[in-house]
Amino acid sequence: MEAHEFIVGHERVIAHFGLWPSFHDAEVFKLSLDRTQGKPSPTLDLHLRGWVMTSEITPEGHYKLHGDAVLHFRFEGVSEVHVEGFNGQNVISSLNLELAQDRDKQEQAIIKVELEHCYLFEASFTAQTAQLITITPYAK
């Protein structure tokens, strides 16, 4: 299993973009932690603006973006949370995912998530479950 396949609804991401993107230059719009919602608790909601950059050039001289959208992911049973440098833009180099074994329940897989540093902001955490909640086309 590829790590992104751990995310319930990953097929919708692939259908939207045509592939599982690296999320290079994606922007974290919202990151929220909540210990009162979901089972297992706590939860982390991630709202990430992402796209696939094409080789086409717009009339303004920029690379054309395919599928520009805000994706809302929910992670439950979150631990080992590290967040640094949250600021006014929060661009990441990539969204890195890795499957691992739960330390307490060796038979259960977990996902390690890294929002790789680009400019000031970085974050990482592990989760017992993950799901895509929505994909909303980005409107300026």
Side-chain angles (χ1 to χ4, degrees):
M1 170 191 304
E2 299 236 12
H4 69 267
E5 294 173 339
F6 184 88
I7 301 170
V8 174
H10 71 274
E11 304 92 345
R12 292 172 30 217
V13 176
I14 294 170
H16 181 80
F17 293 113
L19 52 86
W20 183 267
S22 69
F23 293 101
H24 177 70
D25 283 344
E27 185 176 0
V28 174
F29 279 178
K30 184 177 183 179
L31 187 73
S32 62
L33 294 163
D34 188 344
R35 71 170 189 81
T36 65
Q37 299 295 316
K39 293 181 182 169
S41 180
T43 63
L44 185 151
D45 280 69
L46 171 65
H47 296 253
L48 181 67
R49 178 184 173 204
W51 56 82
V52 173
M53 191 178 302
T54 71
S55 59
E56 297 176 53
I57 305 296
T58 67
E60 297 81 24
H62 303 286
Y63 286 106
K64 186 174 182 182
L65 306 179
H66 167 70
D68 195 357
V70 177
L71 294 88
H72 174 187
F73 294 100
R74 176 164 296 142
F75 300 90
E76 296 178 332
V78 174
S79 63
E80 301 178 34
V81 177
H82 169 83
V83 178
E84 188 173 317
F86 194 79
N87 64 81
Q89 192 168 25
N90 306 305
V91 175
I92 61 173
S93 292
S94 63
L95 174 66
N96 300 323
L97 305 173
E98 179 185 343
L99 295 177
Q101 294 305 120
D102 190 315
R103 289 182 193 173
D104 299 327
K105 303 173 188 169
Q106 288 295 316
E107 71 282 353
Q108 182 176 335
I110 60 171
I111 191 164
K112 292 183 175 185
V113 180
E114 177 192 22
L115 302 164
E116 188 175 330
H117 175 270
C118 182
Y119 175 74
L120 299 177
F121 174 75
E122 65 184 357
S124 61
F125 57 90
T126 63
Q128 293 175 1
T129 67
Q131 66 178 314
L132 173 71
I133 303 296
T134 59
I135 300 176
T136 306
Y138 179 70
K140 294 181 183 179

Novice: Under a single-linkage definition using a 4.5 Å side-chain heavy-atom cutoff for Ile, Leu, Val, Met, Phe, Trp and Tyr, are Leu65 and Ile135 assigned to the same hydrophobic cluster?
Specialist: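 No, it is not one cluster - the side chains of Leu65 and Ile135 are not joined through contacts under 4.5 Å.
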Novice: Check the pair Val113 / Leu97 against side-chain contact (heavy atoms from CB on, under 4.5 Å), numbers first and verdict last.
Specialist: CA-CA 5 Å; Val113 180; Leu97 305 173; 3.9 Å; yes
Novice: Using 30° and 60° as the class boundaries, would you call the ring planes of Phe121 and Phe86 parallel, tilted or perpendicular?
Specialist: perpendicular
Novice: Roughly how far, to the nearest 0.5 Å, is CD of Gln128 from CD1 of Ile110?
Specialist: 8.0 Å
Novice: CD/Glu122 to CD/Glu114 distance, rounded to the nearest 0.5 angstrom?
Specialist: 7.5 Å
Novice: Do Tyr138 and Val91 share a hydrophobic cluster, counting only Ile, Leu, Val, Met, Phe, Trp and Tyr and linking them when any side-chain heavy atoms are less than 4.5 Å apart?
Specialist: no
Novice: With distance as the sole criterion, is a donor-acceptor pair present between the side chains of Thr126 and Ser79 under 3.5 Å?
Specialist: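 Per modelled atom types, Thr126 and Ser79 side chains form a pair under 3.5 Å.
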Novice: Quickly, which of Val83, Asn90, Val28 forms a side chain to side chain contact (heavy atoms under 4.5 Å, CB included) with Leu115? Name it, please.
Specialist: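 Exactly one pass, corresponding to Val28.
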Novice: Closest heavy-atom contact between Met53 and Tyr63?
Specialist: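 Shortest heavy-atom contact: CG-CB, 3.5 Å.
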Novice: How long is the straight-line distance from CG of Leu31 back to CG of Leu46, given to the nearest 0.5 Å?
Specialist: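 One finds 6.0 Å between CG of Leu46 and CG of Leu31.
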Novice: Determine, using the 4.5 Å side-chain heavy-atom cutoff (strictly less than), whether Val70 and Val52 are members of one ILVMFWY cluster.
Specialist: no
Novice: Would Asn96 and Glu116 count as having a side-chain donor-acceptor pair, cut-off 3.5 Å?
Specialist: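 Yes.
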Novice: Are Ile7 and Ile14 in one and the same hydrophobic cluster, where Ile, Leu, Val, Met, Phe, Trp and Tyr link if side-chain heavy atoms are under 4.5 Å apart?
Specialist: yes
Novice: Of all the heavy-atom pairs spanning Gly88 and Glu27, show the shortest one and how long it is.
Specialist: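 Looking at all heavy atoms of both residues, the shortest contact is O-OE2, 4.3 Å.
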Novice: Rounded to the nearest 0.5 Å, what separation is found between the OG atom of Ser55 and the NZ atom of Lys64?
Specialist: 10.5 Å
Novice: Assess the residue pair Ser124 and His82 against the criterion (side-chain contact (heavy atoms from CB on, under 4.5 Å)); give the C-alpha distance rounded to whole Å, side-chain angles, the decisive distance to 0.1 Å, and a yes or no.
Specialist: CA-CA 5 Å; Ser124 61; His82 169 83; 3.6 Å; yes
Novice: Say you draw a straight line from OG of Ser22 to CG of Leu95; how long is it, rounded to the nearest 0.5 Å?
Specialist: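 Ser22 atom OG to Leu95 atom CG measures 9.0 Å (nearest 0.5 Å).
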Novice: Other residues, nucleotides and ligands only: do more than 12 of their heavy atoms fall within 6.0 Å of OH on Tyr119?
Specialist: no
Novice: Kindly give the heavy-atom pair with the smallest separation between Arg35 and Ser41, and that separation in Å.
Specialist: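 Scanning both residues completely, I find the closest heavy atoms to be O-OG, 2.7 Å.
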Novice: For residues Gly50 and Ala26, report the shortest heavy-atom separation together with the two atoms involved.
Specialist: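 The pair with the smallest heavy-atom distance is CA-CB, 4.3 Å.
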Novice: Please say whether the positively charged group of Arg49, taken as NZ for Lys or CZ for Arg, lies over the ring of Phe29, i.e. under 6.0 angstrom from the six-membered ring centre and within 45 degrees of the axis.
Specialist: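 Pair Arg49/Phe29 does not count as cation-pi.
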Novice: Once you round to the nearest 0.5 Å, how far does CD1 of Ile92 lie from NE2 of His117?
Specialist: 12.0 Å
Novice: Side-chain heavy atoms under 4.5 angstrom apart, residues restricted to Ile, Leu, Val, Met, Phe, Trp, Tyr: same cluster for Leu99 and Leu44?
Specialist: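 Result: yes, single cluster for both.
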Novice: Are His10 and Arg12 close enough, and set up right, to give a side-chain contact (heavy atoms from CB on, under 4.5 Å), and what steps lead you there?
Specialist: CA-CA 5 Å; His10 71 274; Arg12 292 172 30 217; over 6 Å; no
Novice: Would you sort out whether Val13 and Leu71 count as a side-chain contact (heavy atoms from CB on, under 4.5 Å), showing the intermediate values?
Specialist: CA-CA 8 Å; Val13 176; Leu71 294 88; 3.8 Å; yes
Novice: Below 30° counts as parallel, above 60° as perpendicular, anything between as tilted: where do the rings of Phe125 and Phe75 land?
Specialist: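 Correct class here is perpendicular.
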Novice: Check Met1 against Phe6 and note the closest heavy-atom contact, atom names and distance.
Specialist: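 Closest approach of Met1 to Phe6: SD-N, 3.8 Å.
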